[in-house]
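Quick notes on the structure that follows.
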There are 2 protein chains.
Amino acid sequence: MGKLVARAAAKEAKREAKKRALAASAIEALKCYGYANTTLRDIAAESDLSLGMLHYYFENKEQLLIYCVRLYKEAFAAEIGGRLAGITDRQAQIRALAGGLAASIIDDADTHRLWYDIRNQALFDPVFKPVVAEIEASLIDLVRPLAESPDDSAQISVLYGAIDGVFRHLLERHLSGVHSSADDLSHAFCNLLGATPPSAPPSPQG
Amino acid sequence: MGKLVARAAAKEAKREAKKRALAASAIEALKCYGYANTTLRDIAAESDLSLGMLHYYFENKEQLLIYCVRLYKEAFAAEIGGRLAGITDRQAQIRALAGGLAASIIDDADTHRLWYDIRNQALFDPVFKPVVAEIEASLIDLVRPLAESPDDSAQISVLYGAIDGVFRHLLERHLSGVHSSADDLSHAFCNLLGATPPSAPPSPQG
DNA sequence: AAAAAAACTAGACACATGTCCAGAAAAAAT
DNA sequence: ATTTTTTCTGGACATGTGTCTAGTTTTTTT
C-alpha cells in the first residue's frame, strides 16, 4: 500500500507550508531593508522564529532569498497574466497591461523594489542568476504577445527593456514621493506602447 | 598679499588630485564586486594605500562611493554629451546617441553595472539619493532634446525610462555573455527611438 | 638646519552577521 | 505508554568589516 509514501508526502507538504509561511515573513523584512541590509535576525524576528530555524528550513541566506523571490514572481506573473488572459485585441491588451502595471506600482511598490534589488545582486553574484533569468523569462513571455513579430528576439528585447525601464523609473518616482495617479501611470505605458515614445495619435510636426 | 591663500589653494588642489586618484582605484575594485561586496580593505589594496588613509581622505565608505560615482558620471555624461553636441537633425541625434550607448555597453560594461548598483542602493539608503538624483537629472537632460515636447515631464519620463531600460537590459545580456555587435546594439536603440518598439517606418498592419 | 604640518602605517577595537551545535520540547509512530 | 522522529531554542563560534588612535615618516615652512 501507499501508506508510507502518503505519510511522507504529507510531511513534505507540511514542511513546504512552513517554508512558505517563513518566506512570506521574510519578504516583509526584505521589502523594507533590501537584501544586503536584512539580517537573518531581522527575518527571524519578523517570523517569530528563532535564528536556528532559518537554517533548519533553508540551507543559507541565499537559498532563502531565492525561495522568496520565486514566491513573489508567481504572484506577480499570475496577476498580470490573468489580466491579459483571453484578450486578443492588441489595443485592449495594451490597456490591460498598462492598467495592471500602473496598479502594481501603487500597490506593490516595496515588493518590486525588492525584485530590482535581487536582479541587481544577480549582476554580481552568480548564485542569483538562475532565478532572475527564470523570472525575467516569464516576464518576457508576458510581453511577447504585444510584439508584432513575437519571434524576433531583438525586437522582444527592446520591447521588454522599454516597458521594464519605464516601469522601474515610474516606480522610482513613486518611491521618492512623487505620486502620480493610476491613470497617469497607465497613460505612460499606453503612450509608450501605442505610439512612439512621445505624442498621442498623429501630431502636427513631423 | 595672496601668498598664503595661493598656498592653501595649492594644498587643496593636491589633496583633490590624491582623492581623485584614490577614487579611480576604488572604482576599479567596486566595478568588480559591487558596493556591498567591496570592503575598504579591497579598495586600500587596489590603491596601494593603507586602510587608515581612506578615512584620512574620506569621511566614510559612503562618502567615498559618492565621490566615485560623481567622477564616473562626469566622464559618461561628457562622452555622450560630446557625441550629441552640435547635432540638430533628429535622426542624426538618434543615431549618435544609439552609437554612443552601444559603444559604452561594450566598452564600459563594468562601470555601468556599478552605476546600476548604486542607483539601486539609493532605493533603500537615503544617503545615496542626492547623487543618484543629480546624475539621473543630467542623463535626462541628455535625452531631453530627443523629445517632441521637451517640456512635457511625463513624456520625458517615458522616454528616459525606455532608453534606460533598453540600455540596462542589453547591458545585462552583454554581461551574461550574450555578446551582440555594436551595430546590433545600436540598431536596438534606433529601433526604439525611430519608430514604435517594433517595425521600421510604416507597417502593413495597423 | 630646526620646527611644524601633512601624509602615512600598523594595529586594535567594537560590533554585526552567517553559521552551526547540543540539547529541550513537542509531535508522531509504534 | 514508550520510543522515535521532528521541531525548535538559546547561545557559541569564527569571521569580516567599518572605524579610530598612537605613533612614524615624509614633506613643507621658517
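In what follows, chains are A, B, ... by sequence order, proteins preceding strands, each numbered from 1.
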Quick one: [X] [atom1] to [N] [atom2], roughly how many Å, whole number?
{"X": "A:Met53", "N": "D:dT7", "atom1": "CE", "atom2": "P", "value": "8 Å"}
{"X": "B:Leu22", "N": "C:dA7", "atom1": "CG", "atom2": "P", "value": "13 Å"}
{"X": "B:Lys61", "N": "D:dC20", "atom1": "NZ", "atom2": "P", "value": "15 Å"}
{"X": "B:Asp48", "N": "C:dA7", "atom1": "CG", "atom2": "C1'", "value": "16 Å"}
{"X": "A:Lys18", "N": "D:dT7", "atom1": "NZ", "atom2": "P", "value": "8 Å"}
{"X": "A:Tyr57", "N": "C:dT19", "atom1": "OH", "atom2": "P", "value": "18 Å"}
{"X": "A:Lys19", "N": "D:dT6", "atom1": "NZ", "atom2": "P", "value": "15 Å"}

Review point. Quick one: which of A:Ile80, A:Leu159, A:Leu84 gives a side-chain contact (heavy atoms from CB on, under 4.5 Å) with A:Val143?
Key: A:Leu159
Check your understanding: Strictly by modelled atom types, are A:Asp117 and A:Tyr33 linked by a side-chain donor-acceptor pair under 3.5 Å?
Key -> no
**Study point:** Short side-chain donor-acceptor distance under 3.5 Å, A:Arg173 and B:Ser157
**Key:** yes
Study note, to complete from the structure: Quick tally for nucleotides 20-27 of chain C: nucleotides whose base has a protein heavy atom under 4.0 Å get B, sugar-phosphate-only ones S, the rest -, giving B-------
Side chains of residues 49-61 of chain A: which donor-acceptor pairs under 3.5 Å do they make with residues two or more places apart or in other chains?
{"from": "A:Asn60", "atom 1": "OD1", "to": "A:Glu62", "atom 2": "N", "distance (Å)": "3.2"}
{"from": "A:Asn60", "atom 1": "OD1", "to": "A:Gln63", "atom 2": "N", "distance (Å)": "2.9"}
{"from": "A:Lys61", "atom 1": "NZ", "to": "A:Tyr35", "atom 2": "O", "distance (Å)": "3.3"}
{"from": "A:Lys61", "atom 1": "NZ", "to": "A:Thr38", "atom 2": "O", "distance (Å)": "2.9"}

Check your understanding: Quick one: which of D:dT19, C:dT9, C:dT19 gets closest to the side chain of A:Leu40?
Key -> C:dT19
Study note, to complete from the structure: Ranking B:Lys11 and A:Tyr56 by the position along DNA chain D of their nearest nucleotide, the one closer to 5' is A:Tyr56
Review point. Going by an N to O cut-off under 4.0 Å, is there a salt bridge joining A:Arg15 and A:Glu12?
Key: no
**Study point:** Sidechain N-carboxylate O distance under 4.0 Å for A:Glu74, A:Arg70
**Key:** no
Practice item. Using a heavy-atom cut-off of under 4.0 Å over every strand shown, decide if B:Phe58 touches base, sugar-phosphate, or nothing. Key: nothing
Practice item. Remember a base hit wins even if backbone is also touched, and classify A:Thr39 as base, sugar-phosphate or nothing at under 4.0 Å, heavy atoms. Key: sugar-phosphate
Point to revise | Polar side-chain contact B:Arg41-D:dG18 base: donor and acceptor under 3.5 Å | key: yes
Exercise for review: Go through the steps to decide whether B:Arg144 and B:Ile156 satisfy the test side-chain contact (heavy atoms from CB on, under 4.5 Å), and finish with yes or no.
Suggested key: CA-CA 7 Å; B:Arg144 193 181 304 275; B:Ile156 301 289; 3.8 Å; yes
Practice item. Measure up the A:Phe167 and A:Phe189 rings against each other and bin them: parallel (under 30°), tilted (30 to 60°), perpendicular (over 60°). Key: tilted
Check your understanding: Looking only at atom types and distance, does a side-chain atom of B:Arg83 sit under 3.5 Å from a main-chain N or O of B:Leu97, one as donor and one as acceptor?
Key -> no
Study note, to complete from the structure: As a check of understanding: the bend across the helix from C:dA1-D:dT30 to C:dT30-D:dA1, end axes from five pairs, rounded to 10 degrees, works out to 10°
